A.B. asks: 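One structure is given below, represented as structure tokens, and several questions about it will come after.
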Amino acid sequence: MLQPYACHPGASRGRLYPESISTFRSPFQRDRDRIIHSSAFRRLKHKTQVFVEHEGDYYRTRLTHTIEVAQVARTIAGSLGLNTDLAEAVALAHDLGHPPFGHTGEDALAILMEPYGGFDHNAQALRIVTRLERHYAGFDGLNLTWETLEGIAKHNGPVDPPWSYALAEVNALWDLELGTNASAEAQVAAVADDCAYNHHDLHDGLRAGLFTEDDLCELPVIGDCFAEVDRLHPGLEPMRRRHEALRRVFGVMVEDVIAVAQNRLSALQPRSVDDIRHMEGPIIRFSKPLYQNLKAIKSFLFQRMYRAPTVVVERKRVTMMVNALFPLFLANPDLLPEDWHGDVAAARMQPDAETELARVVLDYVAGMTDRFAIQEYHRLIDPQG
């Protein structure tokens, strides 16, 4: 039973290109399935979360991270009477626009694209699902519902202008009401993202030897979880102890979000999804005490993991690759695969041909996996590397 402030499938604002209604699936289930079957979703398998894809088989990739986010989103949405299919669809799509090498690749492309309208992965995800996926006979993109597109655009909150060109283009086609909050389902996807990476980055950092369990026991929340495991299971084998403690950290985050949301929903009594959109701030969020504790954990991860010496060395190496590939393709767009030559020709016909061509090159480079970007760098630029 969905709450009145949930996104009800029958009240969806529909799709940009009208389609017949599915006999067996709701509009949001159909969105979810199209995302899962997209080329961009498959490529997440070989894209960086923190560690570059080739560094080890046990570390999270962008795909496994996305699956974990979707699982958390369904749990939270279901407990609050929200539409679990929409929350899952937004969660599954939220990282589709990430380029190779994670945030390192994004930082490099953002600088390279400054003269051409900018770059950020959320806007690129919208470009993928509205334009770059070309499998259907009647339209480019996946023709997702308005609610899913809104969630991809605004799951981290309202988006103030100036907007990147990719976001502005989509919004010009269909007003996503960028100045308002997203639906509660999209807000759930955003918080689920925080829960997932705060949890799994601790796991991956321990596996990589960047810090120890003793280091983590000095941190808020985590220390209490290890203490509880030691009290309940004294002498537990180290790997089981680690897993038991960190799954409790996960539980603390999820339970906090649900409790805060239940209290706020009970107090504010929204009667529609538009009430959620026009509230002052998000309805789905961590409590203030836990938020402060998570800031301390994130600060620890930033210093000990995201900026660890070995990680920094790899960041420099892959930044160099992106900084070499993008200008090479921009100067020589005929190096792009044959099925991109139509886009190149169309860009050259535009009044601002250089900008349009840069955006085509960006689409190609941003779509690369870690593995393919490294292969192309060595094939085209440094064969002896």
Side-chain angles (χ1 to χ4, degrees), residues 35 38-50 52-54 61-63 65-66 92-135 140-142 144 149 152-153 156 159 163-170 314-315 317-333 335-337 339-344 346-347 354-377 379-381:
I35 292 162
S38 68
S39 300
F41 187 78
R42 290 194 296 276
R43 289 196 300 271
L44 295 178
K45 177 183 178 184
H46 296 296
K47 291 196 176 190
T48 295
Q49 180 61 28
V50 173
V52 175
E53 180 264 335
H54 67 269
T61 66
R62 193 63 59 175
L63 178 61
H65 161 74
T66 295
L92 290 170
H94 86 283
D95 271 354
L96 288 180
H98 259 293
F101 315 126
H103 289 287
T104 301
E106 180 170 13
D107 292 344
L109 286 174
I111 293 171
L112 291 163
M113 283 296 294
E114 279 181 0
Y116 309 112
F119 174 77
D120 74 79
H121 75 270
N122 282 333
Q124 189 68 15
L126 279 172
R127 189 167 168 88
I128 287 168
V129 300
T130 59
R131 182 170 177 169
L132 298 180
E133 289 283 330
R134 297 170 182 168
H135 307 298
D140 287 342
L142 305 180
L144 303 179
L149 294 177
I152 297 170
N156 288 324
V159 187
W163 304 314
S164 71
Y165 75 93
L167 181 55
E169 284 182 350
V170 174
E314 188 66 8
R315 280 174 58 90
R317 186 176 80 91
V318 298
T319 296
M320 174 267 296
M321 291 182 178
V322 174
N323 285 339
L325 286 169
F326 182 88
L328 175 67
F329 288 124
L330 187 57
N332 305 278
L335 290 173
L336 297 180
D339 56 352
W340 285 79
H341 289 181
D343 289 335
V344 170
E354 182 181 0
T355 293
E356 292 302 319
L357 185 57
R359 293 172 181 179
V360 171
V361 171
L362 171 72
D363 292 337
Y364 181 65
V365 174
M368 290 181 171
T369 63
D370 297 0
R371 176 185 300 178
F372 184 63
I374 292 169
Q375 288 174 348
E376 287 296 270
Y377 173 79
R379 182 177 73 87
L380 296 170
I381 297 168

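Keep in mind that this is a model prediction, so the values were computed, not measured.
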A.B. asks: Classify the angle between the aromatic ring planes of His98 and His121 as parallel (below 30°), tilted (30 to 60°) or perpendicular (above 60°).
C.D. replies: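 Parallel.
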A.B. asks: Output the distance between atom CZ (Phe119) and atom CG (Asp363), rounded to the nearest 0.5 Å.
C.D. replies: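 The distance works out to 9.0 Å.
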A.B. asks: Could you state the interatomic distance from CG (Asn323) to CG (Leu328), rounded to the nearest 0.5 Å?
C.D. replies: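 Between atom CG of Asn323 and atom CG of Leu328 there are 12.5 Å.
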A.B. asks: Is there a side-chain contact between Lys47 and Thr61 (heavy atoms, below 4.5 Å)?
C.D. replies: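 In short, these two side chains do not touch, never coming nearer than 4.5 Å.
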A.B. asks: Donor-acceptor pair, Arg127 side chain versus Leu132 backbone, under 3.5 Å?
C.D. replies: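 Side chain of Arg127 to backbone of Leu132, a donor-acceptor pair under 3.5 Å: no, none is there.
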A.B. asks: In the structure I gave you, are the side-chain heavy atoms of Leu44 and Phe41 within less than 4.5 Å of one another anywhere?
C.D. replies: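 Of all side-chain heavy-atom pairs linking Phe41 with Leu44, at least one is under 4.5 Å.
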A.B. asks: On a heavy-atom basis, which atom in Ala373 and which in Leu325 lie closest, and how many Å separate them?
C.D. replies: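 Minimum heavy-atom contact is O-CD1, 3.6 Å.
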A.B. asks: Is the number of heavy atoms from other residues, nucleotides or ligands under 6.0 Å of Glu354 CD greater than 12?
C.D. replies: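 Result for CD/Glu354: open.
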A.B. asks: Flag the pair Val344 / Leu357 as yes when at least one side-chain heavy-atom distance between them is below 4.5 Å, and no otherwise.
C.D. replies: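 Counting from C-beta outward, Val344 and Leu357 do come under 4.5 Å.
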A.B. asks: For the residue pair Tyr165 and Gly118, what are the closest heavy atoms and their distance?
C.D. replies: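 Shortest heavy-atom contact: CE2-O, 3.3 Å.
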A.B. asks: Run the numbers on Lys45 and Arg371 for side chain to side chain contact (heavy atoms under 4.5 Å, CB included), then give the verdict.
C.D. replies: CA-CA 10 Å; Lys45 177 183 178 184; Arg371 176 185 300 178; over 6 Å; no
A.B. asks: Check the side chains of Thr48 and Asp370 for a donor-acceptor pair under 3.5 angstrom, ignoring hydrogens and angles.
C.D. replies: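 Their side chains do contain a donor-acceptor pair, which is all the 3.5 Å distance test asks for.
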A.B. asks: Between Val361 and Tyr116, is a side chain to side chain contact (heavy atoms under 4.5 Å, CB included) present by the stated rule, with each step listed?
C.D. replies: CA-CA 11 Å; Val361 171; Tyr116 309 112; over 6 Å; no
A.B. asks: Can you give me the closest heavy-atom contact between Gly367 and Arg43, atom names plus distance?
C.D. replies: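 Looking at all heavy atoms of both residues, the shortest contact is O-NE, 2.8 Å.
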A.B. asks: Main chain of Ala346, side chain of Glu356: is a donor-acceptor contact present, judged purely on distance under 3.5 Å?
C.D. replies: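 Not confirmed, Glu356 side chain does not pair with Ala346 backbone.
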A.B. asks: How many angstroms lie between CD1 in Ile35 and CG in Leu144, if you round to the nearest 0.5 Å?
C.D. replies: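 With rounding to 0.5 Å, CD1 (Ile35) is 5.0 Å from CG (Leu144).
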A.B. asks: Hey, mind stepping through Ile374 and Arg317 against side chain to side chain contact (heavy atoms under 4.5 Å, CB included) and telling me if it holds?
C.D. replies: CA-CA 10 Å; Ile374 292 169; Arg317 186 176 80 91; 4.1 Å; yes
A.B. asks: Nearest 0.5 Å please: distance from the CD1 atom of Ile111 over to the CD atom of Glu106.
C.D. replies: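 Nearest 0.5 Å value for the CD1-CD distance: 11.0 Å.
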A.B. asks: Carefully, step by step, assess Gln124 and Ser164 under the rule side chain to side chain contact (heavy atoms under 4.5 Å, CB included).
C.D. replies: CA-CA 9 Å; Gln124 189 68 15; Ser164 71; over 6 Å; no
A.B. asks: Just so I know, are the side chains of His65 and His94 near enough to count as touching, which here means a heavy-atom distance under 4.5 Å?
C.D. replies: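 In contact.
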A.B. asks: Does the side chain of Glu376 come within less than 4.5 Å of Tyr364's, by heavy atoms?
C.D. replies: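 In contact.
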A.B. asks: Tell me the closest heavy-atom pair linking Thr369 and His46, and the distance in Å.
C.D. replies: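 Shortest heavy-atom separation between Thr369 and His46 comes out as CB-O, 3.4 Å.
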A.B. asks: Which heavy atom in Leu96 sits nearest to a heavy atom in Ala125, and how many Å separate them?
C.D. replies: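 Taking Leu96 first and Ala125 second, the nearest heavy atoms are CB-CB, 4.2 Å.
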A.B. asks: Could you pull out the closest heavy-atom pair between Val159 and Ala153, with the gap in Å?
C.D. replies: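 Scanning both residues, the minimum pair turns out to be CG2-O, 3.5 Å.
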A.B. asks: Could you give the distance from CE (Met113) to OG1 (Thr355), rounded to the nearest 0.5 Å?
C.D. replies: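 Here the interatomic distance stands at 8.0 Å.
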A.B. asks: Is the shortest side-chain heavy-atom distance between Val360 and Leu336 below 4.5 Å?
C.D. replies: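 A side-chain contact exists here, since the closest heavy-atom pair is under 4.5 Å.
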A.B. asks: Below 4.0 angstrom, N of the basic side chain to O of the carboxylate: do Asp339 and Arg134 qualify?
C.D. replies: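 A salt bridge is absent here (no side-chain N lies under 4.0 Å from a carboxylate O).
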A.B. asks: A side-chain contact here means heavy atoms from C-beta on lying under 4.5 Å apart; do Val322 and Leu112 qualify?
C.D. replies: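 Yes, their side chains come closer than 4.5 Å.
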A.B. asks: Between atom CE of Met321 and atom OG1 of Thr319, what is the distance when rounded to the nearest 0.5 Å?
C.D. replies: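 Here the rounded value is 10.5 Å.
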